[in-house]
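Note on naming: letters A, B, ... go to the chains in the order of the sequence lines (proteins, then strands), and numbering restarts at 1 for each one. Keep in mind that what you see is a predicted model, and the values were worked out from it rather than measured.
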Amino acid sequence: MRRVVVTGLGMVSPLASGVEASWSRLIAGQSGAGPIHGFETSDLPCRIAMHVPRGDGTDATFNPDQWMEPKEQRKVDDFILYAIAAATQALDDADWHPKSYEDQIKTGVLIGAGIGGLGGIYETSIILKEKGPRRVSPFFIPGRLINLTGGYVSIMHGLKGPNHSVVTACSTGSHAIGDAARLIALEDADVMVAGGAESSINRIGIAGFCACRALSTNFNDRPKAASRPYDKDRDGFVMGEGAGCVVLESYDHAKARGAKIYAEVVGYGMSGDAYHITAPDPTGDGAYRAMAAAIKRAGITASDIDYVNAHGTSTQLGDELELQAVHRLLGNAPINLSLSSTKSAVGHLLGAAGAVEAIFSILALRDQIVPPTLNLDNPSVETSIDLVPHTARKRKVDFALSNSFGFGGTNACLIFRRAE
Amino acid sequence: MSDDVAERVKKIVIDHLGVDADKVVDNANFIEDLGADSLDTVELVMAFEEEFGVEIPDDSAETIVTVGDAISFLQKATAA
């Protein structure tokens with residue numbers, strides 16, 4: 001199998017539009033949390049979220065007009081808009097804009113979402129009920145479909161290689177990057193744009209996750225304190241939105257064109273819990289097996305891992321189970337591991353989470369610094385693993401592992417190695 | 001009254017297709033001159049129905065290919 005490297009990064013996050021602004025704010029300990037705006041929340045138990053900061057594009061705000069024509073924007077849900085922005089940033093960063101037919105057919109797209117166009121489905125349902133089927137827009141279906149992220153990106157950038165998509169709830173972004181890396185390793189493509197996108201901060205999305213008892217409800221008056229993975233006062237996740245995309249490339253292709261190489265994708269592991277539709281397996285065995293498979297694929301041992309970007313959503317059960325699984329993986333080896341949850345700063349981006357967190361892991365390798373777990377005042381368990389409370393930490397990072405676990409019991413793990 | 005119909009039609013076309021007002025002339029073809037695709041034309045017809053409170057059957061919709069076609073159809077439909 002061919003070696004696969006990361007040569008471009010793109011991101012729209014609750015901290016900023018853009019990778020470097022999101023990363024520097026993350027390292028500075030900023031949080032993207034605030035009160036929900038844009039719809040009625042007075043009857044919802046959770047009234048906070050992490051919105052993408054919108055504006056005219058200055059100060060790293062997200063200006064939709066920079067990425068898509070206004071007349072096109074109203075045809076799609078925001079997750080498609082975010083995916084287009086992140087993919088365009090990543091292709092620009094990689095300086096890869098295939099013009100020849102030969103270059104276009106070897107460049108593919110694999111972008112997913114966990115839920116897709118929930119907001120548009122909700123709004124169109126009301127139109128159907130109140131005005132009838134003749135008022136349902138011809139753009140209703142294409143503007144909600146999850147794989148239209150990749151559809152739009154391929155059309156806008158002329159990418160004619162494999163055009164694929166992933167839907168695995170909160171593991172989507174990790175699966176997309178892992179699967180895309182395999183397409184390159186197996187020579188189905190030389191370059192892939194891969195990642196995830198989500199935009200479910202809407203009334204029906206918040207109501208639905210509230211009904212699952214998944215969201216934080218105790219911090220409506222202190223939004224920035226709500227996402228607190230591993231802390232004893234955690235009570236659910238805070239919903240984020242946005243997108244992350246990477247450009248993956250065969251090592252030889254990247255070298256031949258003199259591309260900047262951020263990191264190498266060395267490990268990818270998957271597993272299923274076969275336990276419950278929303279609750280994690282209390283043994284943590286699925287999480288353990290996904291990580292073990294990724295480590296085996298990477299040809300390293302668990303103690304080689306320097307940094308884990310945890311799934312760590314700030315829910316009661318999940319955080320500790322993941323930590324237990326990491327301990328099981330390390331066994332009796334001396335522990336010199338840092339593990340943090342960047343969901344403390346950007347919230348849970350659902351289908352985009354794995355992609356955004358993979359990018360943070362890659363930047364930890366680049367800058368030799370691990371991002372913090374905000375609000376970790378009193379860990380609920382004792383651990384010898386460094387949970388990086390409150391502030392980022394400089395340290396050696398040669399291998400970074402990123403976990404994602406999704407509803408349905410779907411687990412994905414990626415391992416990146418620092419560029420040579 | 002007829003000028004009013006023409007203005008309302010042109011405003012819808014400008015808004016939905018995101019084109020400059022000076023391009024929205026009577027003989028402008030939605031697809032060839034104004035950059036619309038087949039889905040855009042379906043949505044345009046829906047917008048005309050909504051604005052003028054009329055129903056445009058599919059076989060009539062197929063005959064509306066220019067701005068002028070839309071204006072004359074809607075002038076007749078609203079005069080009836």
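Residues satisfying the side chain to side chain contact (heavy atoms under 4.5 Å, CB included) criterion with A/Glu69, sequence neighbours excluded, are A/Lys71, A/Glu72.
Only the backbone of B/Ile56 comes within contact range of chain A, judged by heavy atoms closer than 4.5 Å.
Across all their heavy atoms, A/Lys75 and B/Asp40 have their closest contact at NZ-OD1, 2.7 Å.
Of residues 134-170 of chain A, those residues with a non-hydrogen atom less than 4.5 Å from any non-hydrogen atom of chain B are, in numerical order, A/Arg134, A/Arg135, A/Val136, A/Ser137, A/Pro138, A/Phe139, A/Pro142.
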